[in-house]
Amino acid sequence: MPQIKTKKTGLVRVGLGKRSYDIAIHPGGLTQLGQYLKDLGFSGKVGIITNPVLEGLYGRTVEQSLKRAGFQSHMISIPDGERTKTLRWVAHILDQLMEQRFERQSVLVALGGGVIGDLTGFVASVYLRGIPFVQVATTLVAQVDSSVGGKTGVNHPLGKNMIGAFYQPSLVLLDTQTLGTLPTREWIAGLAEVIKYGMIADRNFFTFLENRMDDIVGMEQSALHHVVKRCCEIKASVVAKDERESGLRRILNYGHTIGHALESLGKYKKYIHGEAVGIGMVWEADLSQTLGLCSKQVVTRQRDLVKRAGLPTELPTVTFRDLWAAMLHDKKVAQGLVYCVLPKAIGKVTVDPLDQKAVKSWFNQLGKNRT
Ligand code: NAD
Ligand code: GLY
């Protein structure tokens, strides 16, 4: 895939041979989307997949940018929310692409957060056995995580993200200005994924987050730019080494073993994803300390940072039985073993199978030590 020609403010390359692509971190870049597509050599019809919230906020800007660059575009707007991440909505979008005679040369643009990105990527992977797509990510979760790395897919009634494909985009365009319209709760939830990168891969970045968390929460532009760029660099480097999650990529699931369990126990209503990941990281670090893998200081520094980001940290009232049962449904379970990402230090993690008895013993003594 060709590289972006125009010099942009922040460019991160995802190195995957012929499937390599750029992540352009470009405040205001939405107005340049058409030019980006032109730079990449696209000339066909463009399908913009979005929802009514994003269509209202940014639809016109995107359409005008595409028009200026000579593209014909067609907007497909589906209802907002996780409930559209299903095969039913995949079929709906495919119907529209067929009716509008989209071809192999056409391109799809995912304009939205992780829901739109995962769904659009999956549609792109199956329409005509694969057409190109571009991620224009508009939430913090999507800008630092879901738009990069090619995990696409939808949910099944029996499990989240169970149907999908590894299918890389041709470009990821991150206009950090779009984060300004995010609901506060969504914005804060994304910070859990940001802290995750410091914990799994970069202690200097973690220290940066400690020093600048107040600026980041307040969306100070240079701090925000650094955050998005560094997270993308880390994710790009992990994905380049292990695209299909046969090993290293599992570290990106830090906080997700307990986090996913809490999301599912809360029936996906009590917590949004980032909030559950924040709590998951706090308690997976606590478990790691109990297992003798990391120091108390690691647990305390991380919990303080999660709190300062405005995220919840407390484990809700759950029984061990329910928690363990929910953890057993995690995608990382292999041959009945629950694999968990456990910190060894700030910036260093290990992925280990959990011993049920040891986790139960840790859980039982939490009542005494919980603060
Ligand atoms: P989301 O896509 O549901 O977006 C959250 C809400 O914010 C929605 O209501 C959306 O309409 C709104 N929104 C988005 N951008 C906005 C903006 N700029 N201004 C105002 N409102 C805006 O949620 P999300 O957290 O971005 O993504 C969660 C999804 O991502 C889940 O389905 C999860 O499974 C998936 N995910 C995928 C990966 C991956 O690697 N593919 C990684 C993490 C999460
Ligand atoms: N969000 C985890 C991954 O992309 O692997």
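Hydrogens, waters and symmetry mates play no part in the numbers below; they use all other heavy atoms, side chains included. Ligands are counted one by one from 1 in listed order, and the atoms in each one are counted from 1 as well.
- The atoms of ligand 1 that sit less than 4.0 Å from any heavy atom of Thr178 are 17 (C), 18 (N).
- For the pair Arg13 and Tyr21, the cation-pi test (distance below 6.0 Å, angle within 45°) is failed.
- Some N or O of Lys151 is nearer than 3.5 Å to an N or O of ligand 2, by distance alone.
- Per-residue contacts place Thr139 under 4.0 angstrom from the following atoms of ligand 1 (heavy atoms of the residue considered): 4 (O), 14 (C), 15 (N), 24 (P), 26 (O).
- Annotation for ligand 1: atoms under 4.0 Å from non-hydrogen atoms of Glu82 are 31 (C), 32 (O).
- Checked against the 6.0 Å centroid threshold, His329 and His260 do not count as a close aromatic pair.
- Taking only nitrogen or oxygen atoms, main chain and side chain alike, Ala142 does not reach within less than 3.5 Å of ligand 1.
- Under 4.0 angstrom from ligand 1, the non-hydrogen atoms of Glu186 all belong to its side chain.
- With hydrogens left out, the protein atom closest to atom 35 (C) of ligand 1 is Asp118 OD2, 3.4 Å, a heavy atom.
- The closest protein non-hydrogen atom to atom 4 (O) of ligand 2 is Lys235 NZ, 2.5 Å.
- For atom 30 (O) of ligand 1, the closest non-hydrogen atom of the protein is Gly114 CA, 3.2 Å.
- Note: no N/O pair closer than 3.5 Å links Arg249 and ligand 1 by distance alone.
- Among protein heavy atoms, the minimum distance from atom 20 (C) of ligand 1 is reached at Thr181 O, 3.0 Å.
- By the criterion of a heavy-atom distance under 4.0 Å, both the backbone and the side chain of Val115 are placed next to ligand 1.
- Summarising the geometry of Gly121 relative to Tyr167, their closest heavy-atom pair is O-CD2, 3.7 Å, with the distance given to 0.1 Å.
- In this structure, Glu263 does not count as a contact residue of ligand 1, since none of its heavy atoms falls inside 4.0 Å of the ligand.
- Protein heavy atom at the shortest distance from atom 1 (N) of ligand 2 is Asp145 OD1, 3.0 Å.
- Close approach to Lys235 involves these atoms of ligand 1, each under 4.0 Å from a residue heavy atom: 40 (O).
- On a distance-only criterion, Asp80 and ligand 1 share at least one N/O pair closer than 3.5 Å.
- Using bins of under 30°, 30° to 60° and over 60° for the plane-to-plane angle, the ring pair His226/Phe208 lands in the perpendicular bin.
- Taking each of Ser146, Gly153, Gly164 in turn, the one with a heavy atom nearest to atom 42 (C) of ligand 1 proves to be Ser146.
- In this pair, Phe320 and Trp324 present their aromatic rings parallel. The plane angle is below 30°, not in the 30 to 60° band.
- Between His273 and ligand 1, a contact under 3.5 Å exists for no N or O pair.
- Evaluated for a salt bridge (Lys or Arg N to Asp or Glu O under 4.0 Å) with Glu210, the options Lys307, Arg203, Arg308, Arg301 yield exactly one hit, Arg301.
- Contact annotation: for Gln143 versus ligand 1, there are no heavy atoms closer than 4.0 Å.
- Judged by a 6.0 Å distance limit and a 45° cone about the ring axis, Lys196 is not positioned over the six-membered ring of Tyr254.
- The distance from ligand 1 to the heavy atoms of Leu57 drops below 4.0 Å at these ligand atoms: 19 (N), 20 (C).
- With contacts defined as side-chain heavy-atom distances shorter than 4.5 Å, the pair Arg249/Lys151 qualifies.
- At a 4.0 Å heavy-atom cut-off, ligand 1 does not touch Leu179 at all.
- Taking any N or O of Val141, backbone or side chain, none lies under 3.5 Å from an N or O belonging to ligand 1.
- Contacts between Asn161 and ligand 1 below 4.0 angstrom, taking non-hydrogen atoms only, involve the side chain exclusively.
- Close contacts of ligand 1 with Gly113, meaning ligand atoms under 4.0 Å from a residue heavy atom, involve 2 (O), 26 (O).
- Taking 4.0 Å as the cut-off, Pro183 counts as a neighbour of ligand 1 on heavy-atom distance.
- Using a non-hydrogen distance threshold of 4.0 Å, Lys160 registers as a contact of ligand 1.
- Looking at Thr138 and Leu111, their side chains come closer than 4.5 Å, going by heavy atoms from C-beta outward.
- The side chain of Lys85, and not its backbone, has at least one atom closer than 4.0 Å to an atom of ligand 1 (non-hydrogen atoms only; side chain from C-beta on).
- Taking distance alone, with nitrogen or oxygen atoms compared against 3.5 Å, Asn253 stays at or beyond that limit from ligand 2.
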